[in-house]
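The structure appears right after this line, and notes come after that.
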Amino acid sequence: MDCLFCKIAAGEIPSTEIYSDDKVYAFKDIDPQAPFHAIIIPRNHISGADKIDSSNSSDISAVFEAVAKIAADQNLDKGFRVVNNCGEDGGQTVGHIHFHLLARRNLAWPPG
Ligand code: 5GP
Ligand code: ZN
């Protein structure tokens with residue numbers, strides 16, 4: 001499958017690893033929007049949040065377990081934001097579900 005994030009998870013395209021386990025891979029965003037900006041993906045290809053169902057939701061649980069581990073490892077004690085963009089209006093530009101973990105600055109709310 002011609003998927004950028006599947007290739008990154010497989011190590012076929014280089015990335016800067018932040019966290020890895022058998023279900024999840026996390027790496028530095030190439031265009032960071034905060035001093036700490038990780039992209040967290042399930043290794044299993046899911047195209048977007050609109051395709052989560054009972055057959056793949058354990059991959060999403062694993063992503064959120066990784067969020068907590070990364071936050072602890074990186075000492076994100078002041079907090080952080082997890083963002084998923086889905087579809088055209090959501091601003092999704094890569095068709096493999098991914099979660100942005102943003103931290104180390106005060107993040108505006110609402111995001112606009
Ligand atoms: P989206 O806009 O789909 O929610 O987020 C895609 C994110 O992937 C963007 O923040 C973008 O900077 C990041 N990205 C796109 N291509 C690459 C890449 O080749 N390497 C890395 N590390 N990040 C990428
Ligand atoms: Zn993929």
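Remember, it's 1-based here, ligands and their atoms both numbered in the order they're listed.
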Metal-centred angle, SG of Cys6 through the Zn ion (ligand 2) to ND1 of His45, rounded to 10 degrees: 110°
Those atoms of ligand 1 less than 4.0 Å from some heavy atom in Thr93: 1 (P), 2 (O), 3 (O), 5 (O), 6 (C)
Shortest non-hydrogen contact from Arg43 toward Asp21: NE-O, 2.8 Å
Contact with ligand 1 for Ser15, non-hydrogen, under 4.0 angstrom: no
Reported SG-to-CG distance for the pair Cys86 and Asp89, which is rounded to 0.5 angstrom: 10.5 Å
Of the N, O or S atoms in His96, the one nearest the Zn ion (ligand 2): ND1
Heavy-atom nearest neighbour in the protein, as seen from atom 5 (O) of ligand 1, with distance rounded to 0.1 Å: His98 NE2, 3.0 Å
Phe99 ring center within less than 6.0 Å of Phe64 ring center: yes
Heavy atom of the protein closest to atom 8 (O) of ligand 1 (residue, atom name, distance): Phe5 CZ, 3.5 Å
Within-cut-off N or O pair, Asn85 and ligand 1, under 3.5 Å: yes
Atom 16 (N) of ligand 1: the protein heavy-atom neighbour that sits closest, reported with distance to 0.1 Å: Leu4 CD2, 3.5 Å
Nearest-contact summary for atom 22 (N) of ligand 1 - protein heavy atom, Å: Lys28 O, 2.9 Å
Under 4.0 Å to a heavy atom of Asp31 - the qualifying atoms of ligand 1, by number: 12 (O)
For Gln92 against Gly48, the heavy-atom pair lying closest together: NE2-CA, 4.2 Å
Presence of salt bridge, Lys7 and Asp2, under 4.0 angstrom: yes
Lys23 versus Ser61, side-chain donor and acceptor atoms under 3.5 Å: no
Min N/O separation His37 to ligand 1 under 3.5 Å: no
Residues, nucleotides or ligands: over 12 heavy atoms within 6.0 Å of Glu88 CD: no
Nitrogen or oxygen of Gly91 less than 3.5 angstrom from that of ligand 1: yes
Atom 11 (C) of ligand 1 [closest protein heavy-atom partner, distance rounded to 0.1 Å]: Asp29 OD1, 3.4 Å
Identity and separation of the nearest protein heavy atom to atom 23 (N) of ligand 1: Ile30 N, 3.3 Å
Residue His100 vicinity, atoms of ligand 1 by number, heavy atom under 4.0 Å: 1 (P), 4 (O), 5 (O), 7 (C), 10 (O)
Criterion side-chain contact (heavy atoms from CB on, under 4.5 Å) against Pro42, the qualifying member of Val24, Asn56, Ile97: Ile97
same_hphob_cluster(Ile39, Val82) at 4.5 Å side-chain heavy-atom cutoff: no
Distance flag, aromatic centroids of His96 and His98, threshold under 6.0 Å: no
